2 protein chains.
Amino acid sequence: MRVSRDQARQNRQRVVATSSALFREKGVDGVGISDLMSEAGLTHGGFYKQFGSKAELVEEACALALDDTMAFWDGYLEGAADPRARFIRAYLSQQQRDRVSEGCLLPALAGEARRETPAIRSVFTRAIHAYADRLDQPVDARTAQSRAEALSTLSEMVGAILLARVTDDPQLSNEILKAARDHILGAPPEATSDR
Amino acid sequence: MRVSRDQARQNRQRVVATSSALFREKGVDGVGISDLMSEAGLTHGGFYKQFGSKAELVEEACALALDDTMAFWDGYLEGAADPRARFIRAYLSQQQRDRVSEGCLLPALAGEARRETPAIRSVFTRAIHAYADRLDQPVDARTAQSRAEALSTLSEMVGAILLARVTDDPQLSNEILKAARDHILGAPPEATSDR
DNA sequence: ATTATCTATAGATCTATAGATAATGC
DNA sequence: ATTATCTATAGATCTATAGATAATGC
């Protein structure tokens, strides 16, 4: 029954990783300790030897969601001619809209996180800064104006994904994504970039 | 114990109204049938004589939230010189951010509503159309372009409120609101309109 | 007689804890 | 000896239903 110290560390990390996906997919209230533990191949009894409370896991899972997605974006944008445009186009794609459990934590969880602990809300503050940094000018060219633009662009991206996900009208959903892309990046020359 | 037909109708309506506020404030999973009924001055046993299920109440409560807020906005904007600007400024105010239980259902509940029944999601589709209509040109001047702009403006408004509510940094919260207002309406001539 | 509301409860959760078990780490 | 994980369970929910009660509406 017992397991090596290293195996235990891995088990714990697997709980955080599966929670990070399941919380985004089903919401924090939508999955119980049992679900999270058994998804990681464990039983629920061991949970409180690894975490102080569910809220503590939520905090870690949100932080991991942030770090993972940021690592993904930084890799995806590395060496791009226009990283900001590439970022915005990919973020506002149908793929990102549909892959909730691997996507940005802001549209997925910010609505509920508003009511969570200060520690959890501060992860969301970090997330806002992290995303705004990627939308802003290169570090040496930043101004109050460019920062305001970055925040306003982020608001539009997050809002568009949120609305595109909640509507039951698939056509409206795509229309919302396209409107946000075109508005932020300027309309495409032809009907080229609906994908 | 029994009550007149008219009184019963009023009781039922009071349950929907208090639910509409409580769901926005605490989330659908955050309030139980007991809470909703006792907030309306009733006991929980009578609930299922009035509603088929909790989901049915959620649908009605969201629809009422939409109708109430739209009636408010239409009154608030009636006769304004520039109704669109007045709408955007008020929606993106600190008051709207802080009055969650009386505010727009989109930032408050869209995140959870994604996982709800089709009937509930279709209320959110109606909400998107209703808000976009108020942001679009007068009916006879609408184009595909103006509609896309309305949707993109709505995304930014909803996203800005969502982010301004989730962060635990009050300064960042105000910065997000101001950035969205300035971006949508154009920067103010002087530092006039932070309020 | 009908019915709106009440009390009481079933059955299924959910978070958290207690104590047993069996393998690691000294 | 320590400890990671297991089984079992406490206590508090939550949705939904059953049956009683008392006032309305015919």
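In the text below, chain A, chain B and the rest are named by the order of the sequence lines, each starting its count at 1. Because the structure is a prediction, the values reported are computed rather than measured.
The distance from the CD atom of A:Glu149 to the CG atom of B:Asp182 is 11.0 Å, given to the nearest 0.5 Å. One finds the CZ atom of A:Arg147 at 12.0 Å from the CG atom of A:Leu135 (value rounded to the nearest 0.5 Å). Taken to the nearest 0.5 Å, the CD1 atom of A:Ile128 stands 4.5 Å off from the CG atom of B:Leu163. Distance check, rounded to the nearest 0.5 Å: CG of B:Leu105 to CE of B:Met70 gives 8.5 Å. To the nearest 0.5 Å, atoms OG1 (A:Thr43) and CE (A:Met37) are separated by 6.0 Å. Atom OG of B:Ser93 sits about 10.5 Å away from atom CG of B:Asn174, to the nearest 0.5 Å.
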Can you give me the N/O atom pairs linking the protein to nucleotides 22-26 of chain C at distances under 3.5 Å, or say none if there are none?
unit_1: C:dT24; atom_1: O2; unit_2: A:Arg2; atom_2: NH1; d: 2.4
unit_1: C:dG25; atom_1: OP1; unit_2: A:Arg5; atom_2: N; d: 3.2

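Atom-to-atom, CD of A:Gln13 to C1' of D:dA4 comes out at 17 Å; the value is rounded to the nearest Å. Taking atom CZ of B:Arg9 as the reference point, atom P of C:dA4 lies 13 Å away to the nearest angstrom. Nucleotide C:dC6 holds its C1' atom 13 Å from the CG atom of B:Asn11, rounded to whole Å.
Side-chain contact, A:Ser152 with B:Glu156: a donor N or O sits under 3.5 Å from an acceptor N or O. Between the side chains of A:Asp168 and B:Ser122, not a single donor N or O lies within less than 3.5 Å of an accepting N or O.
Within residues 32-42 of chain B, the residues that have a heavy atom under 4.0 Å from DNA chain D are, in order of number, B:Gly32, B:Ile33, B:Asp35. Residues of residues 43-59 of chain B having a heavy atom closer than 4.0 Å to DNA chain C, listed by number: B:Thr43, B:His44, B:Gly45, B:Gly46, B:Lys49, B:Gln50.
Taking the six-membered ring for Trp and thresholds of 30 and 60 degrees, B:Tyr91 and B:Tyr131 have ring planes more than 60 degrees apart, a perpendicular arrangement.
A salt bridge links A:Asp74 with A:Arg134: at least one charged nitrogen is closer than 4.0 Å to a carboxylate oxygen. Looking at A:Asp169 and B:Arg126, no side-chain N of the basic residue comes within less than 4.0 Å of a carboxylate O on the acidic one, giving no salt bridge.
By the side-chain contact (heavy atoms from CB on, under 4.5 Å) test, A:Glu102 pairs with A:Arg99, sequence neighbours left out. Listed by chain and residue number, A:Glu112 satisfy the side-chain hydrogen bond (donor to acceptor under 3.5 Å, both in side chains) test with B:Arg115 (two or more places apart in sequence, or in another chain).
For DNA chain D, if you chain together Watson-Crick or G-U pairs that step i with j, i+1 with j-1 and so on, the runs of at least three with distances under 3.5 Å are C:1-24 with D:1-24.
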